[in-house]
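Comments concern the structure below.
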Amino acid sequence: MENKIIYYFLFVILFTSCYKENLNEDETKVEENVNYIKEGSITLGKKLMNPYSLKNMQLAYNSLYKKKKLKESIVLSPTHYYIRFLPSDSFEYNLLKSDTNLVLFSYPLDYEISEGEQYHDPSLPNYQITWQYTKVPVNYCFPNIYYEVLDTLFMPMEINVDSSKLKSKKLFKDIWDELLEESLILTNNLEKNEHKIQLKGSKWNPSATIKVWDDLIKQYIPLVGAKIRVRHFLHWDTELTDANGYAKLESFRYSVNYSIVWERANWDIRDGWYVQAYYNGPKLKGHWELNIDGGKSIKYASIHRAAVRIFYGENLGLPRPISYNTYVHKICYIDDKGTGDYWANVGNGLLPDIRIYGKDPYTGDDKSTIRIFRTTSHEFGHAIQCLLMGNIQFWQVSKIIYESWADAVEWAITNKEYNDLGLILPFYIQSDMDHQDTWPYKNADNAYSPLFIDLIDDLNQYEIYGNNKPNDNVKGYSISQLAQIALKSYGLTSLRDNLKKNKPNNVTDKQIDDLFTKYYEIWK
């Protein structure tokens with residue numbers, strides 16, 4: 001007990017010294033020029049005339065020709081279609097998502113639009129996946145999914161071929177800026193501060209700084225690796241935030257709509273069971289600074305933090321759950337009471353791989369950011385084991401092995417995340433993660449045990465908490481080493497034997513046997 005008491009007071013001292021100067025009343029005040037999350041649904045405003053439509057571009061071209069700004073009169077040809085898909089089920093939606101050339105939006109792109117976290121077409125029933133809007137080249141090969149063509153577009157600068165090989169792209173390269181501005185004027189889409197721009201040197205680069213509130217350290221921290229999307233009607237660009245939460249995008253000439261899309265190449269966070277999670281931000285001609293402080297967005301950001309560390313960050317040498325066929329993990333955030341679970345690819349893409357619930361299963365209160373982070377890390381612990389063992393083999397493993405392994409991943413990754421933020425986790429969180437003072441339980445599932453944590457740390461709960469606890473004199477295994485051992489183990493006996501074959505120099509077979517005695521007794 002003395003070790004944990006010393007550990008707890010060390011946390012108090014460090015927490016106070018590291019963060020006291022930041023925990024003043026100004027910390028929670030709204031900062032000037034900083035945006036905060038606007039919870040709830042997006043609302044559509046006025047429908048806008050599309051300046052990129054073929055019809056309006058032709059009118060703009062004719063207008064410039066009449067003003068003698070162009071030498072010849074020509075008939076423009078379409079380059080793209082503005083379309084919307086209506087997937088009938090999750091299979092069709094996932095098929096659309098698997099096309100990496102499609103950029104999907106859950107809301108129409110030719111309306112004034114508010115900030116918000118979700119949009120569902122009011123003409124559709126709530127259980128149906130809403131329309132998915134995008135643009136495609138005129139030669140696009142459509143999948144067997146219902147779609148509608150909303151408009152024909154003229155956007156020659158976005159045709160993905162070398163300009164020297166495309167007459168229209170080469171022809172319009174020099175006049176594109178003037179042509180687009182003329183179309184904006186004719187469609188009444190040019191804002192007052194954008195009228196009569198100086199074409200040379202008038203471009204600007206959208207940029208964003210995204211931070212997220214952490215309930216434990218009570219500060220906003222940079223959100224790393226988030227996908228920022230900017231859009232001017234049907235022209236868009238994306239970029240990832242860096243270590244400071246900052247992203248700089250390609251140049252535009254006009255105001256853009258900012259948004260965050262909660263996806264990366266290896267995972268995709270869903271709002272509920274099916275639809276892409278996102279936050280639609282403001283329309284600006286300037287820097288977007290967002291502090292994520294609530295709504296579903298703070299839950300998405302906490303899931304994202306864990307996923308970034310597991311897949312791309314310092315993860316203590318754990319295998320990355322990245323498959324050879326670039327499988328995308330579908331993480332469904334459920335804004336309801338519950339914990340979390342891992343289904344793997346049991347539905348062949350129709351069902352989520354991971355579900356994370358946002359509210360306490362007993363009280364219904366919103367979960368803290370660290371609780372969401374922990375649960376996500378735990379479920380990715382399953383994903384690591386399942387991906388490297390294989391789906392069929394994974395489900396043959398004893399529950400005490402795969403749940404204790406996921407608990408160890410949660411414990412290790414969460415400690416690493418907060419240690420890197422300069423914080424030693426408090427005793428009550430450590431105890432809740434390692435279970436060493438509470439396992440075995442009287443009225444709970446004993447599969448969630450400290451077995452793998454016991455192999456890493458140097459705490460013997462038998463000596464501290466009494467003889468009903470495991471006698472843990474084993475230490476020195478690493479989480480990365482245990483990953484490889486766990487992948488060969490289906491039950492306690494095979495795990496024990498594999499540990500003996502791969503034990504550190506200071507560990508004996510007897511110490512391993514002594515540790516496993518209590519686990520055999522409880523998990524019969």
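Numbering of residues begins at 1 and proceeds along the displayed sequence.
If you take CG on D341 and CD on E379, they are separated by 6.5 Å, rounding to the nearest 0.5 Å. Residue R229 holds its CZ atom at 4.5 Å from OG of S259, rounded to the nearest 0.5 Å. The CG atom of N94 sits 9.0 Å away from the CG atom of D89 when rounded to the nearest 0.5 Å. Atom-to-atom distance recorded for D121:CG and W131:CH2 is 8.0 Å, nearest 0.5 angstrom. Here the CD1-CD1 distance, from I37 to I292, works out to 5.0 Å after rounding to the nearest 0.5 Å. Between the CD1 atom of I221 and the CG atom of N291 there is a distance of 11.5 Å, given to the nearest 0.5 Å.
Taking the six-membered ring where the residue is Trp, F394 and Y342 present perpendicular rings, their angle passing 60° and hence far from 30°. By the 30° and 60° cut-offs, the orientation of the rings of F105 relative to W236 is tilted. Between Y140 and F85, the ring planes are perpendicular. Angles over 60° get that label, and only those under 30° would be called parallel. The aromatic rings of W395 and Y402 sit perpendicular, their planes meeting at an angle over 60°, well past the 30° parallel limit. Ring-plane geometry between F154 and W176 is classed as tilted, the angle between the planes lying from 30 to 60 degrees on a 0 to 90 degree scale. Using the six-membered ring where Trp is involved, W273 and W343 have ring planes that are perpendicular, over 60° apart on the 30 and 60° scheme.
Open room surrounds NZ on K211; 12 or fewer heavy atoms of other groups in view lie less than 6.0 Å from it.
Looking at residues two or more places apart in sequence or on another chain, you find no salt bridge (Lys or Arg N to Asp or Glu O under 4.0 Å) involving D237. Y93 meets the side chain to side chain donor-acceptor pair (under 3.5 Å) test with no other residue; sequence neighbours excluded. In this structure, the salt bridge (Lys or Arg N to Asp or Glu O under 4.0 Å) partners of E115, at least two apart in sequence or on a different chain, are K38. For K46, there are no salt bridge (Lys or Arg N to Asp or Glu O under 4.0 Å) partners two or more places apart in sequence or in a different chain. Partners of E112 according to the side chain to side chain donor-acceptor pair (under 3.5 Å) rule, which considers only residues two or more places apart in sequence or in another chain, do not exist here. Listed by chain and residue number, K399 satisfy the salt bridge (Lys or Arg N to Asp or Glu O under 4.0 Å) test with D445 (two or more places apart in sequence, or in another chain).
A donor-acceptor contact closer than 3.5 angstrom is absent between the side chains of N50 and Y82. With 3.5 Å as the limit, one finds no donor-acceptor pair spanning the side chains of H329 and N266. In this structure, a donor-acceptor pair under 3.5 Å is present between the side chains of Q118 and S41.
Using a 4.5 Å heavy-atom cutoff, the side chains of D214 and I370 are not in contact. Within the 4.5 Å cutoff, no side-chain heavy atoms of L150 are placed close to those of L109. Side chains of I331 and I356 form a contact here, defined as non-hydrogen atoms less than 4.5 Å apart. The closest side-chain heavy-atom distance from V256 to L249 is not below 4.5 Å. Contact of the L76 side chain with the L54 side chain is registered, since non-hydrogen atoms from C-beta on lie closer than 4.5 Å. Side-chain atoms of L184 and P51, non-hydrogen and from C-beta on, do get closer than 4.5 Å to each other. Contact check for R264 versus L240: side-chain heavy atoms found under the 4.5 Å cut-off.
Across F380, Y312, Y327, a single residue satisfies ring pair (Phe, Tyr, Trp, His ring centres under 6.0 Å) together with W267, and that is Y312. The side chain to side chain contact (heavy atoms under 4.5 Å, CB included) with I83 is formed by just one residue from the set L102, V136, L153; it is V136. Checked options L59, L179, I175; the residue passing with L64 is L179 (criterion: side chain to side chain contact (heavy atoms under 4.5 Å, CB included)).
Comment: E117 does not engage K299 in a salt bridge, judged by the lack of any side-chain N to carboxylate O separation of less than 4.0 angstrom. The pair K135-E158 counts as a salt bridge, with a side-chain nitrogen and a carboxylate oxygen less than 4.0 angstrom apart. Under the 4.0 Å criterion applied to side-chain N and carboxylate O atoms, D360 and K367 are not assigned as salt-bridge partners. A salt bridge links K227 to E263: at least one charged side-chain nitrogen sits closer than 4.0 Å to a carboxylate oxygen. Between K55 and D151, no side-chain nitrogen of the basic residue sits less than 4.0 Å from a carboxylate oxygen of the acidic one, so the salt-bridge criterion is not met. A salt bridge is defined here as a Lys NZ or Arg NE, NH1 or NH2 lying under 4.0 Å from an Asp or Glu carboxylate O, and R371 with D432 meets this definition. The pair K330-D353 meets the salt-bridge criterion, with a side-chain N (NZ, NE, NH1 or NH2) lying under 4.0 Å from an Asp/Glu carboxylate O.
Between the side chain of R84 and the main chain of T134, no donor-acceptor pair closer than 3.5 Å is present. The main-chain N or O of M433 is found under 3.5 Å from a side-chain atom of H435 such that the two form a donor-acceptor pair. The closest donor-acceptor contact from the side chain of S207 to the backbone of H287 lies at 3.5 Å or more, if one exists at all. E92 places no side-chain N or O within 3.5 Å of a backbone atom of I145 that could act as its donor or acceptor partner.
Side-chain rings of Y278 and Y107 approach one another, their centers coming within less than 6.0 Å.
Here the closest non-hydrogen pair linking A277 and Y300 is CB-CZ, 3.6 Å. Scanning both residues, S255 and K283, for their nearest heavy atoms gives CB-CE, 3.8 Å. In terms of heavy atoms, S251 sits closest to K203 at OG-CD, 3.5 Å. Scanning both residues, W405 and G381, for their nearest heavy atoms gives NE1-O, 3.2 Å. Nearest heavy-atom pair, F311 versus I322, reported as atom, atom and distance to 0.1 Å: CD2-CG1, 3.6 Å.
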*Going through the checks in order, is the side chain to side chain donor-acceptor pair (under 3.5 Å) test met by T130 and S106?*
CA-CA 7 Å; T130 197; S106 295; over 6 Å; no

_Run Q276 and L104 through side-chain contact (heavy atoms from CB on, under 4.5 Å) and show every step you take._
CA-CA 9 Å; Q276 176 66 56; L104 299 173; over 6 Å; no

_Candidate pair H232 and F252, rule ring-ring contact (aromatic ring centres under 6.0 Å, His included), full reasoning_ = CA-CA 8 Å; H232 179 253; F252 284 71; 7.2 Å; no

